[in-house]
Structures are given as C-alpha cells and as structure tokens.
Chemist: 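There's a structure below that I have some questions on.
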Amino acid sequence: MHTNLERDAVDEVFATAGAPDLDRLRRLDARAVRDSVALVNRLAPGDLARPTPCAGWDLAALLGHLTAQHRGFAAAARGRGQDLAHWAVRPLGDDIATMVTRYRHAAEDVLAAFATVDDPDRPFALPEFTTERTVPAARAMGFHLIDYVVHSWDLARTLDLPYAPEPELLDASLPIARAVPDGPNRLAAGSSFRPGLPVTEGAGELDRILALLGRAPDWRAPAR
C-alpha cells in the first residue's frame with residue numbers, strides 16, 4: 001500500500017479491531033510473506049515483462065515494489081522508517097536469480113525486524129501513509145499483512161499459479177480490507193490498491209478481499 005492516507009483515514013483503519021494479538025498478527029504476516037516468497041521462487045527470465053493485476057505494473061515493477069516495502073517496514077520496526085531512502089525502489093539486478101535472492105533477503109529481514117517488536121503500540125514511521133504521525137506497530141503490521149495477501153494473489157495470477165491462503169489468514173485479512181478507506185487516494189500514481197469493485201453475492205473470503213481492494217477476482221494474465 002503506498003498512498004499518502006489523510007489523518008482521518010489512518011485513524012479509521014483498525015478503529016474497530018479491538019485489542020491486537022501481536023503474536024498472532026506476526027505469525028499470519030509471516031505466512032503471507034512466505035507465500036509470496038514461494039511464488040517469487042517460481043519466476044523464470046521471461047516472466048518479468050508480464051502484465052500484472054496492478055494497473056501499469058509489469059512483474060519486474062511489482063517485484064521492485066514488494067522488495068522496497070519489505071525494506072521500508074523493516075526500517076520502521078527498527079525506528080528508522082522516517083527515512084524515505086528505506087522505501088525507495090532500487091534496481092534488483094540484471095538477472096532473475098539476483099532479483100529473487102534480493103527479494104528473499106528483504107522478506108527475511110522484515111520478518112526478523114517484526115520479531116523484535118514486543119509492544120503493539122511501538123511507534124512505526126510510515127511516511128508513505130502519513131508524515132504527520134507515527135502508526136502503532138500492530139496497525140503497521142496489519143497494513144503489511146494485507147499488502148502481501150493481495151500481492152501474493154497478484155503474483156500467482158501473473159504466473160498462472162494457484163494461490164490458496166489458509167483460512168485463518170483470510171479471516172484476519174478481511175476486516176483489514178474492509179477498513180482500508182476507499183477514496184481518491186486509491187487513484188494516486190503508484191497506489192497498490194484501486195477503487196473497490198462490487199462484491200459478488202456468495203463470493204468467498206479471498207474474492208471479497210480482492211474486490212474490496214480493487215482487484216477483479218477473475219483477472220487472468222495472457223498465456224505464458
């Protein structure tokens with residue numbers, strides 16, 4: 001998620017979530033991240049130019065975004081998130097093996113950083129969300145969780161691979177998806193999420209999450 005949410009929007013997210021269970025949130029976030037790593041491990045050289053469900057992003061751009069977000073959230077967990085350099089998308093290398101390796105390292109780094117968080121209210125600086133205040137750790141980790149559930153689906157659809165998150169992960173993600181404000185910020189350049197789409201009656205949890213965050217669950221990439 002990389003839009004500049006207004007102050008009221010930051011307060012709205014998680015406003016009704018109740019007291020956070022930090023250990024559960026951390027465990028589920030790790031599951032979402034490792035799902036993304038498993039998918040990135042399947043990349044082949046010809047895949048990087050493939051279109052993704054993220055409007056305007058090919059797979060190389062999506063991978064760069066995902067890697068940068070891990071670095072940014074890791075820095076935030078360590079008290080250094082206010083430095084925009086940690087959030088910058090950097091070149092991942094000239095070959096697919098290097099790109100995949102750098103993604104794996106960034107993923108393990110953010111999980112290690114989150115493991116040091118022992119207080120759900122520890123302040124995280126998330127300048128891509130707001131520069132006016134910090135965000136409690138549990139909220140920040142929830143932002144990271146929903147990002148990687150949805151982006152894992154993006155990866156899977158782009159590569160025409162299956163993606164079936166465990167039910168507990170979807171149960172935790174759906175309330176977060178519902179809480180993400182659906183406003184003009186989603187139309188900003190570089191936004192990970194687009195305006196919400198109608199939710200089909202009888203849709204499963206994953207499809208509801210996707211529609212709420214602007215994804216068409218029936219999106220398919222061109223044949224590989």
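Note that these values count all heavy atoms, side chains included, but never hydrogens, waters or copies made by symmetry. Nothing here was measured: the structure is a model prediction, and the numbers come from that model.
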Chemist: Tell me every residue that passes side-chain hydrogen bond (donor to acceptor under 3.5 Å, both in side chains) with Ser36, counting only those two or more places apart in sequence or in another chain.
Modeler: Tyr103
Chemist: Who are the side chain to side chain contact (heavy atoms under 4.5 Å, CB included) partners of Ala68, not counting sequence neighbours?
Modeler: Val89
Chemist: Output all residues satisfying salt bridge (charged side-chain N to carboxylate O under 4.0 Å, His left out) with Arg104, sequence neighbours left out; order by chain, then residue number.
Modeler: none
Chemist: May I ask you to decide whether Arg215 forms a salt bridge with Asp154, counting only side-chain N to carboxylate O separations under 4.0 Å?
Modeler: yes
Chemist: Could you work out, with side chain to side chain contact (heavy atoms under 4.5 Å, CB included) as the rule, every residue matching Gln82, not counting sequence neighbours?
Modeler: Ala125
Chemist: Quick one: which residue pairs count as a salt bridge (Lys or Arg N to Asp or Glu O under 4.0 Å) with a foot in residues 72-82, not counting sequence neighbours?
Modeler: Arg78-Asp109
Chemist: Tell me, please, which residues at least two apart from Arg31 pass side-chain hydrogen bond (donor to acceptor under 3.5 Å, both in side chains).
Modeler: Asp35
Chemist: Applying side chain to side chain contact (heavy atoms under 4.5 Å, CB included), can you list everything that pairs with Ala61, at least two apart in sequence or on another chain?
Modeler: Trp57, Asp58
Chemist: Tell me whether Thr131 contacts the main-chain N or O of Pro127 through its side chain, where contact means a donor paired with an acceptor under 3.5 Å.
Modeler: no
Chemist: Asp218: what forms a salt bridge (charged side-chain N to carboxylate O under 4.0 Å, His left out) with it, not counting sequence neighbours?
Modeler: none
Chemist: Please collect all salt bridge (Lys or Arg N to Asp or Glu O under 4.0 Å) contacts where either partner lies in residues 162-173, sequence neighbours excluded, each pair once.
Modeler: Arg24-Glu168, Arg27-Glu168
Chemist: Of all residues at least two apart in sequence or in a different chain, which pass the side-chain hydrogen bond (donor to acceptor under 3.5 Å, both in side chains) check with Thr98?
Modeler: Asp95
Chemist: Using side-chain hydrogen bond (donor to acceptor under 3.5 Å, both in side chains) as the criterion, list what pairs up with Arg157, not counting sequence neighbours.
Modeler: none
Chemist: Tell me whether Arg26 is salt-bridged to Asp29, with the criterion being a basic N under 4.0 Å from an acidic carboxylate O.
Modeler: no
Chemist: Taking only residues two or more places apart in sequence or in another chain, which ones pass side chain to side chain contact (heavy atoms under 4.5 Å, CB included) with Ala137?
Modeler: Val117, Arg122, Phe124
Chemist: Hey, which of His151, His86, His144 is the one that makes ring pair (Phe, Tyr, Trp, His ring centres under 6.0 Å) with His70?
Modeler: His144
